Enquirer: 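My questions all concern the structure below.
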Amino acid sequence: MSDSQGFAWEEARDFADFVVFEHTGRHLSDLEVRVLQGAWNKHTYDRMAEDLNYGAGYLNRDVGNPLWRKLSLALGEKVSKLSFSEALRRAWQARQFTADRDSRVSVQSSPEPQQAVLSGRSPGPPANGLEADELTGGLIEGPLPPGSPLYVVREGVEETGYRTIDRPGSLIRIKAPRLMGKTSLVYNLMAFAETQGCVSMYLDFRSCDRSILIDLEKMLRWLCVKVARQLQLPNRLDDFWDSDIFGSNDNCTAYFEEYLLNASDRPLVLALDNVDRLFSYREITDDFFGMLRSWHEKGRISAIWQQLRLVLSHSTEAYIPLDYNQSPFNTGVPLSLPEFTADQILGISQNYRISLGVDDIATLQREVGGHPYLIRLALHEISQNKTPLSALFESSSLLQGIYSDHLRRLWLALQDNHELVNALKITTQSQEPISLDPIKSYKLHSMGLIDYLNNRVAISCNLYQRYFELAFTELDR
């Protein structure tokens with residue numbers, strides 16, 4: 001079947017799979033392809049349900065809607081069941097996508113990554129044709145831009161984020177230890193929000209001076225001005241701010257309600273990254289986070305506040321005791337970032353043009369778990385410096401090897417809490433999973449140092465086990 005522009009279904013199918021793989025590192029599933037074909041043929045979900053033996057509601061809600069979101073992100077414009085074919089055709093023509101079927105990424109013919117490795121063949125070039133140094137240089141410790149071939153989609157995480165950010169007045173909380181990919185996920189959600197017609201704004205609290213963070217009024221005025229600038233609006237704080245009568249939270253709320261939210265007829269997505277930097281400043285945390293929670297609650301009843309969607313990202317190493325009724329960290333939708341799976345590690349290794357076998361991946365998982373930064377660091381070292389996998393984890397390299405900076409940061413983070421140090425020492429010295437005080441185990445788990453095993457805990461990976469054994473031995477001397 002071909003449309004009037006000469007864009008056949010087979011070409012549309014292959015190109016859709018190509019752009020989705022380019023964006024996410026994953027091919028379309030067989031069921032997604034069947035739904036895509038049904039939509040291409042103008043079939044209703046009820047008709048597709050008859051052909052595919054699935055419920056129409058399931059095909060619509062759990063297959064179709066996520067599929068259109070994937071295509072929206074991959075194509076850079078919002079598409080739907082009715083509009084995707086024309087958007088695909090335009091993108092196909094713009095790229096001058098080759099008609100040679102053997103050279104295209106095909107759902108039907110592409111080998112599974114696992115098969116490629118087990119067959120002994122070296123993985124081919126990355127889907128977007130980037131060279132190895134472009135893929136690896138400068139992308140080890142830092143956020144990945146939307147569309148990066150190195151970005152890994154975690155099962156259920158992005159999809160939950162997309163559904164939530166579509167909801168008026170929504171609040172998303174992204175929490176994970178350092179270097180797990182929080183900011184990359186924030187960027188991804190902002191890119192998706194743009195395809196849905198939202199205006200996205202990003203603020204990183206690491207860029208805020210300490211002199212501002214210790215003063216609530218200064219910090220809130222900073223927030224208002226930064227958002228106004230991103231909306232390309234003039235600074236009108238003097239018109240709305242009345243410190244003689246109202247408190248800082250009231251003034252900031254009025255500035256958003258009466259000025260910023262009224263300046264656009266499009267929903268506003270405000271992403272606040274690294275908010276854990278505020279946790280040290282108790283002078284402002286209760287009031288500031290209480291205000292954010294009140295904004296979210298206003299969105300349940302107020303049309304103007306439904307225009308605002310909040311994304312908060314914070315590291316779980318930092319801990320803050322907030323009033324339950326004021327904290328935004330017990331409302332909204334939480335997104336936790338799981339470690340990479342074996343299949344995901346395999347996919348990343350192919351982007352680095354490294355051929356890993358099943359045993360190699362198992363070794364990586366034993367040594368560093370699935371921690372994204374530790375995995376990428378290992379693959380970068382293997383790719384760039386041709387270092388053998390076994391050499392990365394020799395005990396002699398712990399203090400001077402590629403992981404030394406990361407390990408020292410963890411050790412320094414523990415130094416001010418002797419109870420946590422003792423709890424980790426006991427866990428490290430035990431040959432079996434042990435029981436720990438719930439608060440201590442929660443904090444160590446938040447740092448990524450231990451895993452829960454039913455009601456017990458154990459060190460999360462061999463790298464941490466060996467390093468902290470060495471550190472505690474030196475401490476006891």
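Position 1 is the first residue of the sequence; numbering continues from there. Keep in mind that this is a model prediction, so the values were computed, not measured.
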Enquirer: Apply the side chain to side chain contact (heavy atoms under 4.5 Å, CB included) test between Y403 and each candidate in F393, Y373, Y467; give the one that qualifies.
Expert: F393
Enquirer: Please find the pair of heavy atoms, one from K182 and one from P177, that lie closest to each other, and give the distance.
Expert: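 Looks like NZ-O, 2.9 Å.
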Enquirer: Regarding R163 and D166, does a basic nitrogen lie under 4.0 Å from an acidic carboxylate oxygen?
Expert: no
Enquirer: Contact between K440 and E419 at the side-chain level, heavy atoms closer than 4.5 Å - yes or no?
Expert: yes
Enquirer: Would a distance-only check, ignoring hydrogens and angles, find a side-chain to backbone donor-acceptor pair under 3.5 Å from N60 to G57?
Expert: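 Judged by distance alone, no pair lies under 3.5 Å.
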Enquirer: Show the atom names and distances, to 0.1 Å, of all donor-acceptor pairs under 3.5 Å that link a side chain in residues 208-216 to residues at least two apart or in another chain.
Expert:
unit_1, atom_1, unit_2, atom_2, d
D215, OD1, E217, N, 3.0
D215, OD1, K218, N, 3.1

Enquirer: Is any side-chain heavy atom of H406 less than 4.5 Å from a side-chain heavy atom of L374?
Expert: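 Yes, at least one pair of side-chain atoms sits under 4.5 Å.
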Enquirer: Could you tell me the separation between the CG atom of L392 and the CG atom of L364, rounded to the nearest 0.5 Å?
Expert: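 These two atoms lie 8.0 Å from each other.
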Enquirer: Checking ring-ring contact (aromatic ring centres under 6.0 Å, His included) for the pair W411/Y464: CA distance, chi angles, key distance, verdict?
Expert: CA-CA 10 Å; W411 181 241; Y464 293 164; over 10 Å; no
Enquirer: Any chance you could lay out the side chain to side chain contact (heavy atoms under 4.5 Å, CB included) test for M48 and V35, step after step, and finish with the verdict?
Expert: CA-CA 7 Å; M48 294 184 212; V35 169; 4.0 Å; yes
Enquirer: Quick one, S441 and Y452 - any side-chain contact, counting heavy atoms below 4.5 Å?
Expert: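 When only atoms from C-beta onward are counted, Y452 and S441 do touch, with a gap below 4.5 Å.
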Enquirer: Whether the side chain of Q465 engages the backbone of I459 through a donor-acceptor N/O pair (distance < 3.5 Å, no angle test) should be reported.
Expert: no
Enquirer: Evaluate side chain to side chain donor-acceptor pair (under 3.5 Å) for T428 paired with E469, printing each intermediate quantity in order.
Expert: CA-CA 7 Å; T428 303; E469 279 181 350; over 6 Å; no
Enquirer: Do F288 and L223 come within less than 4.5 Å of each other through their side chains, counting heavy atoms only?
Expert: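 Touching, per the 4.5 Å side-chain cut-off.
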Enquirer: Heavy-atom distance under 4.5 Å between the side chains of R309 and C198, does that happen here?
Expert: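 Side-chain contact under 4.5 Å: yes.
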Enquirer: At their closest point, which heavy atom of D360 faces which heavy atom of S355, and how far apart are they?
Expert: OD2-O, 4.4 Å
Enquirer: Does the pair E158/R154 count as a salt bridge with the N-to-O cut at 4.0 Å?
Expert: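 Salt bridge between E158 and R154, a charged N being under 4.0 Å from a carboxylate O: no.
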Enquirer: Got a donor-acceptor contact below 3.5 angstrom from the D437 side chain to the I439 backbone?
Expert: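 Such a contact is found between D437 side chain and I439 backbone.
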Enquirer: Will you find, in the side chains of S72 and R69, an N or O donor that is under 3.5 Å from an N or O acceptor?
Expert: no
Enquirer: Give, for atom CG of L436 and atom CG of L444, the distance between the pair rounded to the nearest 0.5 Å.
Expert: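 Nearest 0.5 Å value for the CG-CG distance: 7.0 Å.
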Enquirer: For a side chain to side chain contact (heavy atoms under 4.5 Å, CB included) with T164, tell me which candidate from L171, V311, I172, L189 qualifies.
Expert: I172
Enquirer: Surrounding CZ of R277 (heavy atoms of other residues, nucleotides or ligands, distance under 6.0 Å), is the total greater than 12?
Expert: yes
Enquirer: Please indicate whether K425 has more than 12 foreign heavy atoms, meaning atoms of other residues, nucleotides or ligands, lying under 6.0 Å from its NZ.
Expert: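 Yes - once you tally the heavy atoms of other residues, nucleotides and ligands closer than 6.0 Å, there are more than 12.
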Enquirer: Rounded to the nearest 0.5 Å, what separates atom OG in S184 from atom CG in L179?
Expert: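 Between atom OG of S184 and atom CG of L179 there are 10.5 Å.
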Enquirer: Compare all side-chain heavy atoms of V20 with those of L71 and state whether any distance is below 4.5 angstrom.
Expert: yes
Enquirer: Going by side chain to side chain donor-acceptor pair (under 3.5 Å), name the residues that satisfy it together with H296, two or more places apart in sequence or in a different chain.
Expert: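 Result, side chain to side chain donor-acceptor pair (under 3.5 Å) vs H296: none returned.
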Enquirer: Do F205 and W222 make the cut of ring centroids closer than 6.0 angstrom?
Expert: yes
Enquirer: Side chains of S315 and D276: any donor to acceptor distance under 3.5 Å?
Expert: no
Enquirer: CD of Q415: more than 12 outside heavy atoms within 6.0 angstrom?
Expert: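 Buried by this count: over 12 neighbours within 6.0 Å.
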Enquirer: Should we say atom CD of E77 is surrounded by more than 12 heavy atoms from elsewhere, each under 6.0 Å from it?
Expert: yes
Enquirer: Of all heavy-atom pairs between I345 and Q365, which one has the smallest distance, and what is that distance?
Expert: CD1-CG, 3.7 Å
Enquirer: Is the backbone N or O of R13 less than 3.5 Å from a side-chain atom of D17, with the two atoms forming a donor-acceptor pair by type?
Expert: no
Enquirer: Is E367 paired with R466 through a side-chain N to carboxylate O contact shorter than 4.0 Å?
Expert: yes
Enquirer: With sequence neighbours left out, what residues match Y202 under ring-ring contact (aromatic ring centres under 6.0 Å, His included)?
Expert: Y187
Enquirer: Kindly indicate whether the side chain of C252, heavy atoms from C-beta on, has any atom under 4.5 Å from the side chain of M291.
Expert: yes
Enquirer: Do S349 side-chain atoms and L346 backbone N/O form a donor-acceptor pair below 3.5 Å?
Expert: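 Such a contact is found between S349 side chain and L346 backbone.
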Enquirer: Going by distance alone, is a donor N or O of one side chain under 3.5 Å from an acceptor N or O of the other, for D273 and S313?
Expert: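 S313 and D273 do have a side-chain donor-acceptor pair below 3.5 Å.
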Enquirer: Under the criterion side chain to side chain contact (heavy atoms under 4.5 Å, CB included), which of L292, D286, D287 is the partner of F289?
Expert: L292
Enquirer: Decide side chain to side chain contact (heavy atoms under 4.5 Å, CB included) for Y45 and K81; before the verdict, give the C-alpha distance in whole Å, the side-chain angles of both, and the deciding distance to 0.1 Å.
Expert: CA-CA 10 Å; Y45 283 114; K81 179 175 177 287; 3.5 Å; yes
Enquirer: Looking at CE of M219 and CG of L278, how far apart are the two atoms once the value is rounded to the nearest 0.5 Å?
Expert: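 CG of L278 is found 5.5 Å from CE of M219.
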Enquirer: Hey, does the side chain of S148 reach the backbone of P145 with a donor-acceptor pair shorter than 3.5 angstrom?
Expert: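 A pair under 3.5 Å: no.
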Enquirer: Please evaluate residues F468 and L414 with respect to the criterion side chain to side chain contact (heavy atoms under 4.5 Å, CB included), reporting the C-alpha separation (whole Å), side-chain torsions for both, the decisive distance (0.1 Å), and the verdict.
Expert: CA-CA 11 Å; F468 286 107; L414 290 166; 3.9 Å; yes
Enquirer: Quick one: does S170's side chain have a donor or acceptor within less than 3.5 Å of a partner on R167's backbone?
Expert: yes
Enquirer: Side-chain donor-acceptor pairs under 3.5 Å in residues 332-341, sequence neighbours left out?
Expert:
unit_1, atom_1, unit_2, atom_2, d
E339, OE1, G370, N, 2.9
T341, OG1, Q344, N, 3.3
T341, OG1, Q344, OE1, 3.4

Enquirer: One thing to verify: whether E32 and K70 come together as a salt bridge, which I'm taking to mean a side-chain N less than 4.0 angstrom from a carboxylate O.
Expert: yes
Enquirer: Just by distance, do the side chain of S383 and the backbone of L379 share a donor-acceptor pair under 3.5 Å?
Expert: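 Absent.
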Enquirer: Within the 4.5 Å heavy-atom criterion, are T253 and K298 side-chain neighbours or not?
Expert: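 Yes - at least one pair of side-chain heavy atoms lies under 4.5 Å apart.
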Enquirer: After noting the C-alpha distance and the side-chain angles of N188 and Y162, does the key distance pass the side chain to side chain donor-acceptor pair (under 3.5 Å) rule?
Expert: CA-CA 9 Å; N188 188 281; Y162 298 157; 2.5 Å; yes
Enquirer: With side chain to side chain contact (heavy atoms under 4.5 Å, CB included) as the test, would you mind laying out the steps for Y352 and L150 before giving the verdict?
Expert: CA-CA 9 Å; Y352 283 91; L150 293 179; 4.0 Å; yes
Enquirer: Should we count CG of D359 as having more than 12 external heavy atoms under 6.0 Å?
Expert: no
Enquirer: With sequence neighbours left out, what residues match D204 under side chain to side chain donor-acceptor pair (under 3.5 Å)?
Expert: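 Applying side chain to side chain donor-acceptor pair (under 3.5 Å) to D204 gives R206, N274.
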Enquirer: Could you work out, with side chain to side chain donor-acceptor pair (under 3.5 Å) as the rule, every residue matching T387, not counting sequence neighbours?
Expert: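 Checked T387 against side chain to side chain donor-acceptor pair (under 3.5 Å); matches are E381.
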Enquirer: With no hydrogens and no angle check, is any side-chain donor or acceptor of W68 less than 3.5 Å from a backbone partner on G64?
Expert: yes
